[in-house]
Structure formats: C-alpha cells, structure tokens
Amino acid sequence: MAIEFTKYHGLGNDFILIDNRSSLTPVLTPEKAVQWCDRHFGIGADGVIFALPGQNGTDYTMRIFNSDGSEPEMCGNGIRCLAVFLTDLEGISRTKDKYHIHTLAGVIAPQLTDDGQVKVDMGEPRLLAEEIPTTLSPSEFQVINQPLEVAGKTWDVTCVSMGNPHCITFVEDVAAINLESIGSQFENHPVFPKKTNTEFIEIVNRNYLKMRVWERGAGITLACGTGACASLVAGVLNDKCDRTATIELPGGPLEIEWSELDNRIYMTGPAERVFTGKY
Ligand SMILES: N[C@H](CCC[C@H](N)C(=O)O)C(=O)O
C-alpha cells in the first residue's frame with residue numbers, strides 16, 4: 001500500500017517527512033528508509049523523519065533514519081522541517097508557542113517565527129568525553145583542541161554532543177578540504193565508538209563562521225543544524241568566536257546563539273516544503 005510523504009529541506013539538507021501520528025512504530029523500516037532516500041532509485045533525501053505521538057507530556061515524538069538506515073539522536077535542520085510539517089498537518093499557524101518534541105536527545109522545542117523561519121531551543125551542549133562519546137580524552141574530561149591522526153595528518157579537534165556526536169576542526173580555507181577523501185575516515189575513526197559527524201570551520205570573524213560537513217550516516221550534506229550548533233560551541237571554547245554568530249553552510253546561513261543565561265543553544269533558520277507524494 002502506498003504511503004503518503006512530504007519532502008522538506010532546511011538549507012538543502014533534505015528530508016522525507018511522514019505523518020506517523022497513529023502509532024509509536026515508524027511505518028518504514030531502516031532498510032526501506034535507505035531505498036526511499038536513494039537519489040536514483042527512490043525519492044532521494046538525506047533522511048526520513050517520522051512525526052509520532054508525544055511521550056511524557058510532549059506534543060509529538062521525532063524519530064529520524066539517516067540515508068544509510070542508521071538512527072541518530074537528533075537532527076537540527078530536520079526538526080525545523082518537522083515544525084512546519086506539523087503546522088501543515090494541524091492546519092493552524094502556531095507562531096505564538098513552541099512545539100515540545102520528544103527526541104533521543106531530550107525534549108527539543110521549535111517555534112515558528114513571524115518571518116516564516118523556525119527558532120529551535122536545542123538544549124544544552126554536552127562536553128565530556130563520555131558524553132560525545134569519544135575515547136580521545138579521559139571520560140570525565142572535555143575534548144578541546146586535542147590532536148587526532150586522520151589520513152596521514154594531525155588535526156586539532158574539539159568534540160561536542162548535541163545529543164549526537166560532533167568532531168570540529170578549524171582550518172584556514174574550508175573550500176580546500178577534500179571531504180570526499182577524508183570524511184568517512186573521521187566518521188569511522190576508532191576513537192568514536194558511535195561514529196561521528198565532522199565539521200570543518202573557517203573563522204571569518206568572531207560573529208561569522210564558514211562550515212562544511214561530513215555527516216555520520218549521510219556523508220556530505222549542504223547543511224547540518226546540530227553541527228552548526230556544535231561548531232559555535234567549539235568556537236567559543238577555543239576563544240575563536242562570540243556566543244552569537246552566523247554560520248554559513250553551503251546551503252545557506254544559520255543563526256546560532258549559546259545563551260549565557262541558561263546554557264542552551266538557540267538555532268534559527270528556514271524550512272521549506274518541496275512536494276507531497278505517495279510511494
Ligand atoms: N547525520 C546526523 C543526523 C542528522 C543531523 C543533521 N542533518 C542536522 O541537521 O542536525 C547524525 O547521524 O548524527
């Protein structure tokens with residue numbers, strides 16, 4: 001039986017969204033999600049996102065399968081797309097209040113803004129080695145500016161979790177990084193027991209960063225919301241940027257703030273509907 005879906009993207013990081021409000025079990029298996037994400041034999045996307053019933057008092061639950069079928073804890077661009085999708089499903093425009101979404105990274109709260117973007121309370125960054133997780137440093141230590149050998153080169157990396165793992169390194173020129181040849185070596189490095197997303201950051205100034213990303217379970221994407229949040233945190237920890245900055249991704253800009261008041265990360269950016277179909 002054909003299943004209805006709607007395609008969305010956040011700065012070109014694109015997702016198939018499915019109304020799964022009738023059951024806590026995703027209607028697709030990870031294997032099916034891989035087929036659906038195939039850009040030649042399927043619909044084509046970086047992942048599949050399910051809008052499931054809420055749990056423990058939340059409005060809804062979000063689950064996501066990456067295009068390789070793995071299930072990450074969270075997705076920043078994806079939850080902005082989910083917020084717009086839910087507004088479409090509910091038929092109301094909830095710009096005045098936040099959605100509270102249960103995820104494997106905790107409760108995440110997106111809110112539609114009056115200018116049609118989505119502002120997301122992404123929660124607090126996790127900084128201890130055991131929280132990333134990584135064995136790069138002792139488990140109760142933070143991982144800031146540590147050497148990591150990848151592809152015959154020593155990189156200085158900082159690790160941050162937004163519920164999902166991120167390895168961030170600062171470079172002179174992001175355009176010069178050969179993501180195709182080194183991305184998966186970072187992703188699958190033995191110091192990351194759950195693999196990792198990897199962000200390459202060029203500091204333009206203390207309020208403007210350029211980023212390219214190799215995502216765990218998806219490879220090169222045009223944007224990564226959790227990665228942009230993690231990169232802002234890494235920039236602050238290394239005193240390379242302020243706590244509010246624009247992060248320019250190949251797909252466009254995200255505004256990120258690491259609040260001094262509540263230690264939470266706030267991400268603001270777009271989410272665009274593309275088309276609805278059945279498959
Ligand atoms: N590939 C990521 C999940 C999607 C994150 C990214 N698309 C975002 O916008 O945060 C992971 O396995 O942790």
Side-chain angles (χ1 to χ4, degrees), residues 7-17 26 30 33-34 36-37 39 44-50 62-85 101 103-106 108-110 117-126 131-134 159-168 179 183-184 186-189 192-201 211-234 247-256 265-272:
K7 192 84 202 300
Y8 287 80
H9 75 86
L11 301 178
N13 188 203
D14 60 336
F15 302 97
I16 296 161
L17 273 83
V34 172
W36 282 42
C37 289
R39 296 192 186 280
D46 290 325
V48 181
I49 290 177
F50 304 90
M62 177 178 85
R63 287 182 67 180
I64 166 175
F65 293 154
N66 283 316
S67 54
D68 75 346
S70 60
E71 180 169 9
E73 300 79 357
M74 227 314 263
C75 180
N77 290 318
I79 204 156
R80 295 201 314 276
C81 294
L82 176 66
V84 176
F85 183 49
I101 310 291
T103 75
L104 293 176
I108 305 294
Q117 296 211 96
V118 185
K119 180 172 183 178
V120 187
D121 171 353
M122 297 285 283
E124 297 182 68
R126 289 76 149 185
E131 294 175 305
I132 303 305
T134 182
C159 296
V160 176
S161 169
M162 292 303 296
N164 58 348
H166 294 273
C167 173
I168 297 106
L179 276 182
S184 64
F186 276 93
E187 175 183 2
N188 298 291
H189 198 288
F192 297 110
K194 289 189 176 176
K195 301 185 179 183
T196 190
N197 299 284
T198 305
E199 289 80 18
F200 300 84
I201 301 293
M211 172 179 143
R212 290 179 67 211
V213 60
W214 175 279
E215 285 198 36
R216 176 182 65 170
I220 296 172
T221 62
L222 294 179
C224 179
T226 52
C229 296
S231 298
L232 186 279
V233 171
I247 306 221
E248 181 192 304
L249 298 129
L254 285 173
E255 300 302 324
I256 312 290
I265 309 282
Y266 295 91
M267 167 189 67
T268 303
E272 307 290 335

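Side-chain atoms are counted along with the backbone in the values below, which use heavy atoms only and exclude waters and symmetry mates. Counting begins at 1 with the first residue of the sequence. Just so you know, ligand 1 is whichever comes first in the structure, and atom 1 is the first atom listed for that ligand.
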J.: Give the single entry among Asp68, Asp46, Asn197 that approaches atom 2 (C) of ligand 1 most closely by any heavy atom.
T.: Asn197
J.: Checking contacts here: is it the side chain or the backbone of Met74 that comes within 4.0 Å of ligand 1, counting heavy atoms only? Could be both or neither.
T.: backbone
J.: For the aromatic rings, using the six-membered ring if either is Trp, is the centroid distance between Phe50 and Phe65 under 6.0 Å?
T.: yes
J.: Apply side chain to side chain contact (heavy atoms under 4.5 Å, CB included) to residues Glu71 and Arg63 and explain how you reach the verdict.
T.: CA-CA 8 Å; Glu71 180 169 9; Arg63 287 182 67 180; 2.8 Å; yes
J.: Under 4.0 Å from a heavy atom of Gly225: give me the atoms of ligand 1 that qualify, with their elements.
T.: 8 (C), 9 (O), 10 (O)
J.: Determine yes or no for a side-chain-to-main-chain donor-acceptor pair under 3.5 angstrom, with Asn66 supplying the side chain and Asp68 the backbone.
T.: no
J.: Non-hydrogen atoms of Asn13 versus ligand 1: any pair closer than 4.0 Å?
T.: yes
J.: Closer than 4.0 Å to some heavy atom of Asn77 - which atoms of ligand 1 meet that?
T.: 8 (C), 9 (O)
J.: Would you compute the distance between atom SG of Cys81 and atom CG of Asn13 and round it to the nearest 0.5 angstrom?
T.: 7.5 Å
J.: Between Gly76 and ligand 1, does any nitrogen or oxygen pair lie at a separation below 3.5 Å?
T.: yes
J.: Contact between Cys224 and ligand 1, counting heavy atoms under 4.0 Å?
T.: yes
J.: For Ala105, does its backbone N or O pair with a side-chain atom of Thr103 as donor and acceptor, under 3.5 Å?
T.: yes
J.: Test side chain to side chain contact (heavy atoms under 4.5 Å, CB included) on Leu17 and Leu82; report intermediate values, then the result.
T.: CA-CA 7 Å; Leu17 273 83; Leu82 176 66; 4.2 Å; yes
J.: Would you check the N or O atoms of Asn164, main chain and side chain alike, for any that come under 3.5 Å of an N or O of ligand 1?
T.: yes
J.: When the aromatic ring centroids of Phe15 and Phe85 are compared, is their separation below 6.0 Å?
T.: no
J.: If only atom types and distance count, is the side chain of Arg216 paired as donor or acceptor with the main-chain N or O of Lys194 below 3.5 Å?
T.: yes
J.: Taking a cutoff of less than 4.0 Å between a non-hydrogen atom of the residue and any ligand atom, is His166 in contact with ligand 1?
T.: no
J.: Which of these, Leu104, Ile108, Ile79, sits in a side chain to side chain contact (heavy atoms under 4.5 Å, CB included) with Met62?
T.: Ile79
J.: Return the residue, atom name and 0.1 Å-rounded distance of the protein heavy atom closest to atom 6 (C) of ligand 1.
T.: Glu215 OE1, 3.3 Å
J.: Hey, does Ala223 come in under 3.5 Å of ligand 1, counting only N/O atoms on both sides?
T.: no
J.: Under a 4.0 Å heavy-atom limit, does Asn66 contact ligand 1 with its side chain, its backbone, both, or neither?
T.: side chain
J.: With heavy atoms of Pro72 as the reference, note each atom of ligand 1 found under 4.0 Å away.
T.: 3 (C), 11 (C), 12 (O), 13 (O)
